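Quick note on labels: first sequence line is chain A, next is B, and so on, each numbered from 1. Note that the structure is a prediction, hence the values are computed from the model and not measured.
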Number of protein chains: 2
Amino acid sequence: MTIKDIARLAGVSVSTVSRVLNNHPDVSQDAVKKVMAIVNKYNYIPNTSARNLGMSSSDNIGVIMRGISNPFYTKIITAIGDKIEKSGYTMVMQQISTDEDELRVAAMMEKDKRLQGLILLGGHLNYTKEQVSSIGVPFVCCTFSNEYGNLNSDQYSSVCIDDEATAFSAVEQLYKKGHKKIAVLLSAVDDGSVSQVRYAGYKRALKDFNIPEDDNLIIQIHSFNIADAYHEMSKWLDKGIDFSALFCISDNMAMGAMKALRDAKKIVPDDVAVIAIDGIEASEYTNPVLSTLCQPMEHIGIKAVDVLVDIINNEGQHQHLTLPTTLREGETLR
Amino acid sequence: MTIKDIARLAGVSVSTVSRVLNNHPDVSQDAVKKVMAIVNKYNYIPNTSARNLGMSSSDNIGVIMRGISNPFYTKIITAIGDKIEKSGYTMVMQQISTDEDELRVAAMMEKDKRLQGLILLGGHLNYTKEQVSSIGVPFVCCTFSNEYGNLNSDQYSSVCIDDEATAFSAVEQLYKKGHKKIAVLLSAVDDGSVSQVRYAGYKRALKDFNIPEDDNLIIQIHSFNIADAYHEMSKWLDKGIDFSALFCISDNMAMGAMKALRDAKKIVPDDVAVIAIDGIEASEYTNPVLSTLCQPMEHIGIKAVDVLVDIINNEGQHQHLTLPTTLREGETLR
DNA sequence: AACGTTACTGGAAACGTTTCCGGAACAAAT
DNA sequence: ATTTGTTCCGGAAACGTTTCCAGTAACGTT
């Protein structure tokens, strides 16, 4: 069943069918009716390959992400996938490992799958101008702060929270409860990732509250992995360093850390207060319930697609959205 | 940069370039060398739309899933996506809501995206023959038991655990610890879903161990949702029904239930023993650590793609794989 | 009555591949 | 010397759309 068959059955030309199917203006009501009748009767769906070839484009939007393993991303992905579908595009997902260069992958993918646009999830900030311009379709970065990039901001869009300020406010919560010996559990500190930016917020908070920085209170792992967090935290606790509160840069890591604290017989929140950032569902069901600053995950996903689709349709400029976080008061603060 | 340009630059015909690119036999070493030199030099990637149109097929494999929100699925999806990519196909993901008919979506998607094959995640068993044959590409169902379907088994493939036996063995664990009053937290019981099958395993266990069934010990919700599990469990606990153990048909639900138990001042495992099925990462970090029967999630994903690709390439028959589960001894049994 | 608009239509080229088919070049067998 | 077969190659049709362009019919204007 091709457009030709439809044309024949409806008694019109191929061009007319095409026009009807694409809502072109220059077509009579009569023709629309005839064509649609046949289309519906035979449940005709145009061939995407032929259509894309004809228009020399596609309806693919690529989504590249590093580490879907962090449950934080699944909510965002869900929202993105949903919204892409609703907008009439097709989502093409590509996962990359931690050591792959996402922009190289993006460039390849763009050629290979003829993308209309790209969404990058959980990436870095220190792309060079050349790297960015090497990819020829509009793209939007999700979930890492705008202000810290070194790029011309009109070359891409971004949708995220203010990671620095959120980290600051997490530490502030601890400070307000009287904590001064605040340890931080983080990932890399120099790769332009969220980890680095949240760490910056932590440091600014310490400074503002006149708490001296102490390298002994920095617990660094090399992933956002829950198991890594658990092991590294356990090792650190063995050192017996004195502290009264722990700021984890992600919920996932906090869950690992809390198990380590439990193993070490530290009671949360009596012995150690804990706060984190993200607001994943699981962390609402830990014992005790984790206190955390929640990201508006669905909203992030939806907005990312919105912005991208607008740009694809030439209905908008690149923009940089910063969405608000909300405090979830759990049971890990005292 | 099209195949014509490559042909011109390499000094051969378009057909020859195509043959080289597709590893056809009838082409000289000399030609291969000349073409590949140009292809590599200009980093040429063939246009997928044109190629698909020419071959009247595509390289798309569809993945349909209900409720990616359950973290259990993310591991599987990750594995599936990875494997699809490695096999040279493109993953096209479609999420559906609980009330959508997955086979209708499958049929639509197949036409729309010209799929080569389909993977269905977390579906039902009671498809009719007509429904199944309405979708014209091979498909494999993941994560629900084979034996309970009412279909001709050579019409599709499946990869999953033995849900009935696993549920049986979960209840067996509780029985071996001396429990007789075993409540069960489940989802639907009559829709052909995993829930129904796991419930069947629970009932068989009771029977084998000479424990009378008791409707009061059945806690039913209408999703696999963690929040729903929490609320429904709380409501049930209010009734004050006597019980000593709880079998949850999924880890996710168990996490909700454990919070409800905590709210009700029931100590796990002293007052109530808990066991579940799935083995998601988060449930390894609950307090206390959940005891559960783990599914080989990565393995399931990889096998599903393996089987499907073999069938697409006419290198295999439809088959039904049942993968083993392993007990993770947590801290919720006594 | 001639002309310009307007509203719509159909023919056909174009998109970038794959693949069928016929043929060239050459070697081996008769 | 002719046939037969092998190996490789190029031309061109085909895939199913979109879209440009030319054209027709109806209608209002001068």
Side-chain angles (χ1 to χ4, degrees), chain A residues 1-39 42-60 88-90 110-116 312-313, chain B residues 1-39 42-60 88-90 110-116 136 313:
Chain A
M1 178 66 51
T2 75
I3 202 174
K4 267 185 204 158
D5 301 316
I6 303 294
R8 189 168 35 77
L9 292 167
V12 298
S13 75
V14 167
S15 341
T16 300
V17 177
S18 174
R19 275 188 280 255
V20 170
L21 260 24
N22 292 285
N23 295 315
H24 277 264
D26 292 345
V27 60
S28 66
Q29 278 308 308
D30 185 50
V32 172
K33 225 177 286 172
K34 280 193 291 187
V35 170
M36 287 316 290
I38 305 294
V39 166
Y42 292 94
N43 224 306
Y44 165 75
I45 297 180
N47 181 311
T48 311
S49 297
R51 159 172 283 188
N52 290 343
L53 183 57
M55 304 192 305
S56 41
S57 79
S58 82
D59 60 354
N60 291 341
Y89 291 85
T90 297
E110 181 209 332
K111 283 183 106 175
D112 189 16
K113 321 274 194 213
R114 311 282 147 165
L115 303 177
Q116 290 293 101
I312 292 174
N313 295 334
Chain B
M1 177 70 47
T2 76
I3 202 174
K4 267 185 203 157
D5 302 316
I6 302 294
R8 190 167 35 77
L9 292 168
V12 298
S13 76
V14 167
S15 344
T16 301
V17 176
S18 175
R19 274 187 281 256
V20 170
L21 258 24
N22 292 286
N23 295 316
H24 277 263
D26 291 346
V27 59
S28 67
Q29 277 310 308
D30 185 49
V32 172
K33 224 176 287 171
K34 278 194 292 185
V35 170
M36 287 317 289
I38 304 293
V39 165
Y42 292 93
N43 224 306
Y44 165 76
I45 297 181
N47 181 312
T48 312
S49 297
R51 158 172 283 187
N52 290 343
L53 183 58
M55 305 192 304
S56 41
S57 79
S58 82
D59 60 355
N60 290 342
Y89 290 86
T90 297
E110 181 210 333
K111 283 182 105 176
D112 188 17
K113 321 273 193 213
R114 312 283 147 165
L115 303 177
Q116 290 294 100
N313 295 335

Sugar-phosphate only, base, or nothing, as touched by B:T2 at under 4.0 Å among non-hydrogen atoms: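 Answer is sugar-phosphate: B:T2 comes under 4.0 Å of backbone atoms only.
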Send over the distance from [X] [atom1] to [N] [atom2], rounded to a whole Å.
| X | N | atom1 | atom2 | value |
| --- | --- | --- | --- | --- |
| A:K33 | C:dC8 | NZ | P | 13 Å |
| B:D5 | C:dG16 | CG | P | 9 Å |
| A:I45 | D:dG16 | CD1 | C1' | 15 Å |
| A:I6 | D:dT17 | CD1 | P | 9 Å |
| A:D59 | D:dT18 | CG | C1' | 15 Å |
| B:N23 | D:dC8 | CG | P | 15 Å |
| B:R114 | D:dG16 | CZ | C1' | 9 Å |
| A:N22 | D:dT17 | CG | P | 11 Å |

Side chain proximity check, A:K34 to A:V12, heavy atoms < 4.5 angstrom: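 Answer yes - side chains close enough.
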Return the polar atom pairs (N/O with N/O) between nucleotides 9-13 of chain C and the protein under 3.5 Å, or none.
from	atom 1	to	atom 2	distance (Å)
C:dT9	OP1	A:S28	OG	2.8
C:dT9	OP2	A:S28	N	3.1
C:dG10	OP2	A:S13	N	2.8
C:dG10	OP2	A:S13	OG	3.1
C:dG10	OP2	A:T16	OG1	2.8
C:dG10	N7	A:R19	NH2	2.8
C:dG10	O6	A:R19	NH1	3.3
C:dG10	O6	A:R19	NH2	3.4
C:dG11	N7	A:S15	OG	3.2
C:dG11	O6	A:S15	OG	3.0

Which heavy-atom pair separates [X] from [Y] by the least distance, and what is that distance?
| X | Y | result |
| --- | --- | --- |
| A:V14 | A:A7 | N-CB, 3.7 Å |
| B:V32 | B:V20 | CA-CG2, 4.0 Å |
| A:A10 | A:V35 | CB-CA, 4.1 Å |
| B:T2 | B:Y44 | C-CE1, 3.9 Å |
| A:A31 | A:T16 | CB-CG2, 4.0 Å |

Of the listed nucleotides C:dT19, D:dT19, D:dG16, the one nearest the side chain of A:H24: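 That would be D:dT19.
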side-chain contact (heavy atoms from CB on, under 4.5 Å) assessment of B:M1 paired with B:I6: CA-CA 7 Å; B:M1 177 70 47; B:I6 302 294; 3.6 Å; yes
Euclidean distance, A:E110 CD relative to A:N60 CG, rounded to 0.5 Å: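 A:N60 atom CG to A:E110 atom CD measures 12.0 Å (nearest 0.5 Å).
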Sorted by number, the residues of residues 46-53 of chain B with heavy-atom contact under 4.0 Å to DNA chain D: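 Within this stretch, B:L53 sit under 4.0 Å of the strand.
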Residues B:K33, B:D30: salt bridge by 4.0 Å N-O rule: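 Salt bridge absent between B:K33 and B:D30.
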N/O (side chain, B:Y44) to phosphate O (OP1/OP2, C:dG16) under 4.0 Å: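 Checking B:Y44 against C:dG16: no side-chain N or O falls below 4.0 Å of OP1 or OP2.
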Distance test, side-chain N/O of A:S18 to OP1/OP2 of D:dT18, below 4.0 Å: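 Yes, A:S18 has a side-chain N/O under 4.0 Å of OP1/OP2 on D:dT18.
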